[in-house]
Amino acid sequence: MNLQRILEDFDATPVARKQIKDILNQLVKEGKLAKHRRNRYEAAARNLIDGTIVVHRDGYGFVIPREKVQGVDSDIYIPVALLNSAMNGDKVKVEITFRKSGGRAEGRVVTVEKRARDTIVGQLRFDGEAFFVAPTDEKLPEKIIITNDAAEHKDKIVEVELTRYPTETRWPAGKIVSVIGFIDDPNVETNVIIKKFGLPTAFPTEVEEEAAALPDVLNERDFAGRDDFRKRNTITIDPKTARDFDDAIDVEVLPNGTYQLGVHIADVSHFVTPDSAMDIEARGRGTSVYFPDRVIPMLPEKVSNHLCSLNPKVDRLAMSVMMHLSRTGEVLDYSFHKSIIHSKERFTYEDVQEILDGNMALERRYADVVPHIRTIARLAEIIQKRRQQRGAIDFDLPEPMLTYNEQGEVSGIVKSVRLFSHRIVEEFMILANEVVARHLEENDIPSLYRVHEEPDPMKVEDFAEIVSGFGLKFEPKKAEPAEFQKFISSIANRPEERMLSYLMLRSFKQAKYSEENIGHFGLASDSYTHFTSPIRRYPDLVVHRVLKGEIGRRTKGVIPAPQLEAIASESSERERQADQAERELFDWKKMLLMERHLGDTFEAIIIAVWRDGFAIELIDYFIEGFVPVAEIPGDYYQLDPSQHALIGRHSKSRFRIGDRIPVQVVRVDKLLRRAYFLPENSARGGNSHKRHKRG
């Protein structure tokens, strides 16, 4: 019914008309009515949707539905006033209040089902009236009012237990439960991230006792019922710093020119049994977390670094995938084995690359293995080519690495070198994961899959629009991986390659674990799983157990479907949490570096533009920062969305996405891990600063 009809039915006086409008608006706000175009109202359907809320730093949020909602193609927008005490990361039930064109929707949070956190980490401050904590996460409320005595810890980083959640009119409140230290204390950043994400720093006593009770060496009982692959030319290839080796490989050229590839994965499931203390703890952790100065492992050291690690020159238990490949890399046949292996050598990526490049000293040192390495490299090239032909997306961009001085302080950031030897291992592991996934699916064996959905069409459209601003063309006829890979290849070695690849990645959905196979878009794979890293990922351990059940010819699935669903959800969440923790600590380390470069100038590229400023990335330093346009003197800048640019009202000077500009570091906020910059010519403080040129 439209508003005019409602007012007529009430025969409303002018005063009553105002009251009726206010009541209708309040009912919409409460979710009891839904408002449509042209002032039409209807009773809101109480169809509640489960999801996770992501809150923007400006206060509004988006709910990511747990399951696809009919007629809604994107996340559900939640206005600030309808958050209903929900905070970033909470599990919520929402009600759709307004459907828009293009499959978009708005809604309100009806209930918070599960809080993402019980405690918040931040800096204790005093505003003249009350002590409050400023969180380290800008997506949380700016203030947590402190209710216990806190004066002695002013300016320290603390952990707060929440006793009151936010409302429209009140800040959240809490009490301090632990003190971490001052923001400039040594290693405080790592301790903050560990507290913030609730990462475990030690194993429970029962887990340590269970690990200690395991034998120090393997015995004949461990070898029973296993295929003996100890005479194969098996090697491991890992980073220099690796302490656990969970994959080994070997390749044999058969008389007819085809290949036999063996991928051998540490048999963690032999030592970590279902529902044991170690298993329950590993499931809770989900994954190992890797920081620059330490690792928080999923499993105790005796298992991860000793019994299960495929160390050279010793017998080890493995789950092996033996694949017979054609000369063009097609999988002709395969088999799975509980096996015993004996790695002949432990190689680093650098060693293998130097051997392939003809390092004579290394060739002499490893004379008996060098021909084998060359065969391995030849097969990896064949498999890579085959994967590229089917359209798999390959972002072959260098990753940043921190460098440290003698005092252990961050001294710089360099590009990690991307070698072909890295690809060798990647190609073999991807192939093994596909073979395992396809076998389990074709035989209707309940398992876990690694899935990656097609990108959001609206985000792809936005990306295509940005690309057109560079004079480039990206018009995918349909969302197929090959279309994206074709574009990536077309921008190789262009100045904006990294930025556009980064923006393309942002248009993609996040890969996750699922008990249902929907394929992996990025890899252009119909069936994919994670099987190759059971020392550091719980889903891989689960897939090993499933595969062992299949080898043992059990008629039913080893793990019930509801349990697989729960593990998939938990593992996806733990993975996201670990990724975020690793990223935030890395960003904090970058800020420590930027703090020592205040006033210095760097070359940068603009990677995003908003009304209040633009984001930049320092070329070759991989550090992102923000330029607030309100602080650029001499002009007033307005956003032109069609050009993805901020344009000066008077000077007409332009800051456009993709532009390269020199910028000066003006301040650093370590708490929120953000560096602020200004264009070089407008930065305050003159030009008495160092200039960091590219390279």
Side-chain angles (χ1 to χ4, degrees), residues 54-61 80 88 122-123 125 127 134-143 183 462 466 469 496 499 502-503 506 583-584 587-619 621-692:
V54 177
V55 178
H56 190 271
R57 67 174 186 264
D58 290 337
Y60 58 84
V80 178
N88 187 54
Q123 189 175 39
R125 296 173 180 171
D127 63 6
T136 59
D137 187 345
E138 64 184 353
K139 293 179 178 179
L140 294 176
E142 292 176 22
K143 292 183 177 183
I183 200 165
D462 291 343
I466 291 171
E496 60 271 15
M499 192 243 343
Y502 166 76
L503 291 175
R506 287 184 62 180
R583 188 169 54 249
E584 286 194 13
D587 288 344
W588 196 320
K589 298 279 189 185
K590 291 176 183 178
M591 293 307 101
L592 297 177
L593 180 64
M594 284 293 94
E595 195 173 43
R596 295 203 295 275
H597 286 287
L598 285 170
D600 291 356
T601 300
F602 298 84
E603 291 296 315
I605 186 167
I606 298 175
I607 60 172
V609 178
W610 303 288
R611 293 187 185 281
D612 58 341
F614 54 91
I616 54 97
E617 183 180 77
L618 305 186
I619 296 169
Y621 284 86
F622 303 95
I623 292 177
E624 290 184 24
F626 183 68
V627 178
V629 288
E631 295 181 24
I632 302 176
D635 209 340
Y636 176 78
Y637 289 85
Q638 292 176 300
L639 178 67
D640 183 338
S642 64
Q643 295 189 53
H644 298 280
L646 284 158
I647 300 172
R649 181 185 289 175
H650 306 295
S651 65
K652 302 302 178 188
S653 58
R654 185 182 71 170
F655 296 107
R656 177 175 164 269
I657 195 167
D659 286 352
R660 293 160 70 106
I661 60 169
V663 293
Q664 185 177 348
V665 191
V666 291
R667 66 182 182 279
V668 171
D669 184 337
K670 287 182 290 190
L671 192 68
L672 295 178
R673 303 165 304 286
R674 181 179 284 192
Y676 293 86
F677 297 82
L678 285 176
E680 181 185 25
N681 295 335
S682 62
R684 301 184 183 104
N687 293 317
S688 58
H689 52 262
K690 291 184 288 183
R691 186 177 180 85
H692 292 256

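- Within 6.0 Å of CD in Gln638 there are more than 12 heavy atoms belonging to other residues, nucleotides or ligands.
- Between Phe626 and Trp610, the ring planes lie tilted relative to each other; the angle falls in the 30° to 60° range.
- Looking at Lys589, Arg673, Arg674 one by one, the single match for salt bridge (charged side-chain N to carboxylate O under 4.0 Å, His left out) with Glu584 turns out to be Arg673.
- Note that NE2 of His644 is 7.5 Å distant from CG of Asp462, once rounded to the nearest 0.5 Å.
- Closest approach of Met594 and Phe602 over heavy atoms only: CE-CZ, 3.9 Å.
- Atom CZ of Arg611 has 12 or fewer heavy atoms from other residues, nucleotides or ligands within 6.0 Å.
- A salt bridge links Asp127 with Lys143; the closest basic N to acidic carboxylate O contact falls under 4.0 Å.
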Note to self: Working note: Ile657 + Met499, criterion side-chain contact (heavy atoms from CB on, under 4.5 Å); need CA distance, chi angles, decisive distance, verdict.
What the structure shows: CA-CA 9 Å; Ile657 195 167; Met499 192 243 343; 4.0 Å; yes
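- A distance-only check finds a donor-acceptor pair linking the side chain of Gln664 to the backbone of Gly599 [under 3.5 Å].
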Margin query: Using the rule given for side-chain contact (heavy atoms from CB on, under 4.5 Å), can you reason through Ile183 versus Trp588, listing the C-alpha separation, both sets of side-chain angles and the distance that settles it, and then say yes or no?
Written below: CA-CA 11 Å; Ile183 200 165; Trp588 196 320; 3.9 Å; yes
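- Across every non-hydrogen atom of Val627 and Pro679, the tightest pair is CG1-CD, 3.8 Å.
- At least one donor-acceptor pair under 3.5 Å links the side chain of Asp635 to the backbone N or O of Ser651.
- Of all heavy-atom pairs between Val54 and Asn88, the closest is CA-OD1, 3.3 Å.
- By the 30° and 60° cut-offs, the orientation of the rings of Phe614 relative to Phe655 is parallel.
- In this structure, the separation between CG on Asp58 and CD on Glu138 is 9.0 Å, given to the nearest 0.5 Å.
- The main-chain N or O of Ala645 is never found under 3.5 Å from a side-chain atom of Asp640 such that the two would form a donor-acceptor pair.
- Contact check for Val668 versus His597: no side-chain heavy atoms found under the 4.5 Å cut-off.
- Nearest heavy atom pair, residue Lys139 against residue Val55, reads CG-O, 3.0 Å.
- How far CD1 of Ile661 is from CZ of Phe677: 10.5 Å, rounded to the nearest 0.5 Å.
- With values rounded to the nearest 0.5 angstrom, Asp600 atom CG is found 11.0 Å from Glu680 atom CD.
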Margin query: Working note: Leu503 + Ile607, criterion side-chain contact (heavy atoms from CB on, under 4.5 Å); need CA distance, chi angles, decisive distance, verdict.
Written below: CA-CA 8 Å; Leu503 291 175; Ile607 60 172; 5.6 Å; no
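- Side-chain atoms of Lys590 do not come within 3.5 Å of backbone N or O of Ala675 as any donor-acceptor pair.
- In this structure, CD on Glu595 lies 10.5 Å from CG on Asp669, to the nearest 0.5 angstrom.
- Taking CD from Glu624 and CG from Leu618, the interatomic distance works out to 9.5 Å, rounded to the nearest 0.5 Å.
- Listed here is the closest heavy atom pair of Gln123 and Arg125: OE1-NH2, 3.0 Å.
- Closest approach of Ile605 and Ile619 over heavy atoms only: N-CG1, 4.2 Å.
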